[in-house]
Amino acid sequence: MTEKMYVQRKIGHATLTLTQGDITKESVDAIVNAANSSLMGGGGVDGAIHRAGGPKILEDCKRIVSKIGSLPTGEAVITTGGNLKACKVIHTVGPIWYGGNQNEPALLENAYRNSLALAKEEGIRTVAFPSISTGAYRFPIEKASDVALSTVIEFLREHPLDEVRFVLFSPKDFETYNKVLNRILPSPE
Ligand code: APR
């Protein structure tokens with residue numbers, strides 16, 4: 001078990017952070033929600049964000065749904081952060097895991113990349129992600145963390161936001177992300 005569950009790595013001018021905690025408490029420009037296509041809320045981190053952020057978030061979601069119908073897997077939209085410390089919430093829909101032969105890794109990559117592209121477009125400099133798709137959507141976390149970290153690192157190399165943070169809910173999830181990060185980006189020391 002890593003004593004301090006907090007790791008930071010530099011990716012060019014950007015910082016990649018792993019931390020363990022509740023994403024609704026993060027003081028960043030935007031937090032990302034692992035939503036479903038209806039954008040009407042749910043359990044897990046989706047439920048936590050709507051509960052902590054209050055009804056303004058759902059009001060924005062309803063306005064978006066009235067225009068686009070539903071949010072396709074891998075796409076991202078942005079709403080107010082409501083009562084959250086974060087100013088904005090970027091909602092994305094991760095893939096449900098059906099065994100790995102339904103394009104799940106590519107769809108998960110899209111969810112991260114489209115969320116980051118939207119953040120950049122909106123002038124957002126600090127973003128926090130949960131571990132998308134690894135709860136109710138049953139995406140195996142080892143594989144999901146590899147897709148998540150690789151996609152974020154590649155994006156930061158081209159578009160240096162100030163910081164991208166992964167906020168892992170459980171110590172076990174933190175350990176997995178930390179192990180995979182060290183494999184992808186062997187620590188300098
Ligand atoms: N902060 C950070 N991470 C959290 C929090 C929180 N407050 N609450 C849960 N998580 C973690 C879970 O432990 C898991 O690691 O978020 C990760 C994603 O799990 P889910 O929230 O279940 O999301 P996902 O697997 O993408 O399934 C999405 O679940 O809640 C519904 O409406 C949502 O239908 C959608 C589906």
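What you are looking at is a predicted structure, and each value in this text was computed from that prediction instead of being measured. First listed ligand is number 1; within each ligand, the first listed atom is number 1.
By the criterion of a heavy-atom distance under 4.0 Å, the side chain of A48, and not its backbone, is placed next to ligand 1. When heavy-atom distances to ligand 1 are checked against a 4.0 Å cut-off, D22 comes that close through both its backbone and its side chain.
Listed by number with element, the atoms of ligand 1 under 4.0 angstrom from any heavy atom of S131 are 15 (O), 17 (C), 18 (C). Shown in contact with A34 at under 4.0 Å from a heavy atom are these atoms of ligand 1, numbered in order with element: 23 (O), 26 (O), 28 (C), 33 (C). Atoms of ligand 1 lying under 4.0 Å from any heavy atom of D173, numbered from 1 in the order shown and given with element: 15 (O). With ligand atoms numbered from 1 in the order given, ligand 1 contributes 30 (O), 32 (O), 33 (C) to contacts under 4.0 Å with heavy atoms of D46. Which parts of ligand 1 touch G43 is read off a 4.0 Å heavy-atom cut-off, strictly below it: atoms 30 (O), 31 (C). Using a 4.0 Å cut-off to heavy atoms of G42, the atoms of ligand 1 that qualify are 30 (O), 32 (O).
The closest non-hydrogen atom to atom 28 (C) of ligand 1, taken over Y137, W97, F166, comes from Y137.
Judged purely by atom type and a 3.5 angstrom limit, D29 uses its side chain to pair as donor or acceptor with the backbone of T126. A donor-acceptor pair under 3.5 Å is formed between the side chain of K10 and the backbone N or O of H13. No donor-acceptor pair under 3.5 Å is formed between the side chain of E109 and the backbone N or O of P105. Under the 3.5 Å distance criterion, the side-chain polar atoms of N36 are matched with a main-chain donor or acceptor of G41.
Polar contact check, S133 against ligand 1: a nitrogen or oxygen pair lies under 3.5 Å apart. Considering backbone and side-chain N/O of G135, one or more are found under 3.5 Å from N/O of ligand 1. For P130, no nitrogen or oxygen atom sits less than 3.5 Å from a nitrogen or oxygen atom of ligand 1, counting backbone and side chain alike.
At the shortest separation from atom 14 (C) of ligand 1 among protein heavy atoms lies T134 OG1, 3.8 Å. The closest protein non-hydrogen atom to atom 2 (C) of ligand 1 is I23 N, 3.6 Å. The nearest heavy-atom contact from the protein to atom 13 (O) of ligand 1 is F169 CB, 3.7 Å. Regarding atom 16 (O) of ligand 1, its nearest protein heavy-atom neighbour is V45 CB, 4.0 Å. Shortest contact from atom 22 (O) of ligand 1 to any protein heavy atom: A136 N, 2.9 Å.
A salt bridge links E142 with R183: the closest approach of a Lys/Arg side-chain nitrogen to an acidic carboxylate oxygen falls below 4.0 angstrom. Using a 4.0 Å cut-off between charged nitrogen and carboxylate oxygen, D146 and K143 do not count as a salt-bridge pair. Using a 4.0 Å cut-off between charged side-chain N and carboxylate O, E26 and R165 make a salt bridge.
You'll find the side chain of I31 stays beyond 4.5 Å of the side chain of V167, heavy atoms only. V127 has its side chain out of reach of S115: every pair of non-hydrogen atoms, C-beta onward, lies at least 4.5 Å apart.
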Can you list, pair by pair, the side-chain donor-acceptor contacts under 3.5 Å of residues 68-82, counting residues two or more places apart and other chains?
from: T79; atom 1: OG1; to: H91; atom 2: NE2; distance (Å): 2.9
from: T80; atom 1: OG1; to: G82; atom 2: N; distance (Å): 3.0

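Partner of L39 under the side-chain contact (heavy atoms from CB on, under 4.5 Å) criterion, chosen from D46, N33, I64, L58: I64.
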